[in-house]
Amino acid sequence: MATTSNARKINEVRKAAERLNSEARTADQLMEGISLLLNKEMLKYNWVGFYMLEAGAKPPVLVLGRYQGAMTVHTRIGLNQGICGAAASSGKTVVVDDVKKDPRYLACSLETKSEIVVPIFAQGKVAGELDIDSHFLAAFAAEDRELVEYCAQLVGKRLGKA
Ligand code: SME
């Protein structure tokens, strides 16, 4: 099967993420590097950010961490809110091809058309998530999902060691 240009690009970006992981001294540096890398190199990844569960918060809340893209009003998201809350509470990746059709969606930007949210596990528990918005419908194919899940795993392993 011919390798598509998207698959080639994804392979390059995956290797760049691996390099960032070996160079970053902290989980925070790794999250900063990954948000920059994905936003710059993956042309449909128009907003890339991390939400992390606040330590000890009752009820639990996701707090915006490192991100690239436009500022958002959603800096704190409960686990019962949005696509972000759905991914963190289920511990499963959520891909939304058309945000207009998903009643859970919390709007960050009028331009957003599709979204992927991947939970980050540290020592077996959800510690946060990697959220990406696109200005294009159905921007996240299976190979994109694999890349984003790979990046989330790198961060999770790093957090687990902290
Ligand atoms: N759309 C998300 C909120 C976060 S913004 O995309 C940055 C949601 O529905 O949870």
Side-chain angles (χ1 to χ4, degrees), residues 6 9-10 13-14 16-17 20 24 26-122 125-156 158-159:
N6 193 40
K9 184 74 194 172
I10 282 178
V13 172
R14 190 185 164 102
L20 283 175
T26 61
D28 185 56
Q29 269 185 10
L30 180 60
M31 289 190 271
E32 186 180 21
I34 285 175
S35 60
L36 271 162
L37 173 74
L38 295 180
N39 182 238
K40 178 163 175 269
E41 297 297 330
M42 300 302 293
L43 299 181
K44 292 186 179 179
Y45 295 14
N46 302 107
W47 190 94
V48 179
F50 289 89
Y51 282 95
M52 305 311 288
L53 279 176
E54 190 169 75
K58 284 198 177 109
V61 64
L62 292 156
V63 179
L64 181 63
R66 297 285 180 182
Y67 73 95
Q68 287 296 315
M71 225 175 109
T72 171
V73 292
H74 300 296
T75 54
R76 295 174 70 83
I77 301 178
L79 292 200
N80 56 350
Q81 294 176 298
I83 314 285
C84 285
S89 56
S90 66
K92 296 215 165 80
T93 296
V94 182
V95 178
V96 179
D97 286 340
D98 182 352
V99 294
K100 262 200 273 170
K101 294 188 179 149
D102 194 318
R104 298 170 299 181
Y105 175 66
L106 291 175
C108 267
S109 143
L110 292 176
E111 286 173 302
T112 297
K113 296 212 167 56
S114 61
E115 177 162 12
I116 183 170
V117 187
V118 175
I120 295 170
F121 288 87
K125 286 194 190 134
V126 174
E129 59 195 22
L130 176 49
D131 176 17
I132 306 182
D133 290 353
S134 178
H135 297 170
F136 299 83
L137 284 170
F140 306 103
E143 60 218 26
D144 293 274
R145 177 184 177 140
E146 273 175 36
L147 171 67
V148 183
E149 287 179 343
Y150 176 71
C151 290
Q153 274 164 27
L154 291 178
V155 172
R158 189 55 81 93
L159 286 167

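Atoms within a ligand are numbered from 1 in the order they appear, just like the ligands themselves.
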Could you tell me whether the side chain of [X] and the main chain of [Y] form a donor-acceptor pair under 3.5 Å?
{"X": "N46", "Y": "H135", "answer": "yes"}
{"X": "T93", "Y": "V118", "answer": "no"}
{"X": "S134", "Y": "K44", "answer": "yes"}
{"X": "D102", "Y": "V99", "answer": "no"}

Can you produce the list of protein nitrogen or oxygen atoms under 3.5 Å from a nitrogen or oxygen of ligand 1, alongside each distance?
| residue | atom | partner | partner atom | Å |
| --- | --- | --- | --- | --- |
| ligand 1 | 1 (N) | L106 | O | 2.8 |
| ligand 1 | 1 (N) | E115 | OE1 | 2.9 |
| ligand 1 | 1 (N) | E115 | OE2 | 3.2 |
| ligand 1 | 6 (O) | E115 | OE2 | 3.4 |
| ligand 1 | 6 (O) | D131 | OD2 | 3.4 |
| ligand 1 | 6 (O) | D133 | OD1 | 3.3 |
| ligand 1 | 6 (O) | D133 | OD2 | 2.8 |
| ligand 1 | 9 (O) | I83 | N | 3.0 |
| ligand 1 | 9 (O) | L106 | N | 2.8 |
| ligand 1 | 10 (O) | I83 | N | 2.9 |
| ligand 1 | 10 (O) | C84 | N | 2.8 |

Would you call the rings of Y45 and F140 parallel, tilted or perpendicular, taking 30° and 60° as the class edges?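 If you compare the ring of Y45 with that of F140, the planes turn out tilted.
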Out of L154, I116, L38, which one pairs with L130 under the side chain to side chain contact (heavy atoms under 4.5 Å, CB included) rule?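 Per the side chain to side chain contact (heavy atoms under 4.5 Å, CB included) rule, the option paired with L130 is L38, out of L154, I116, L38.
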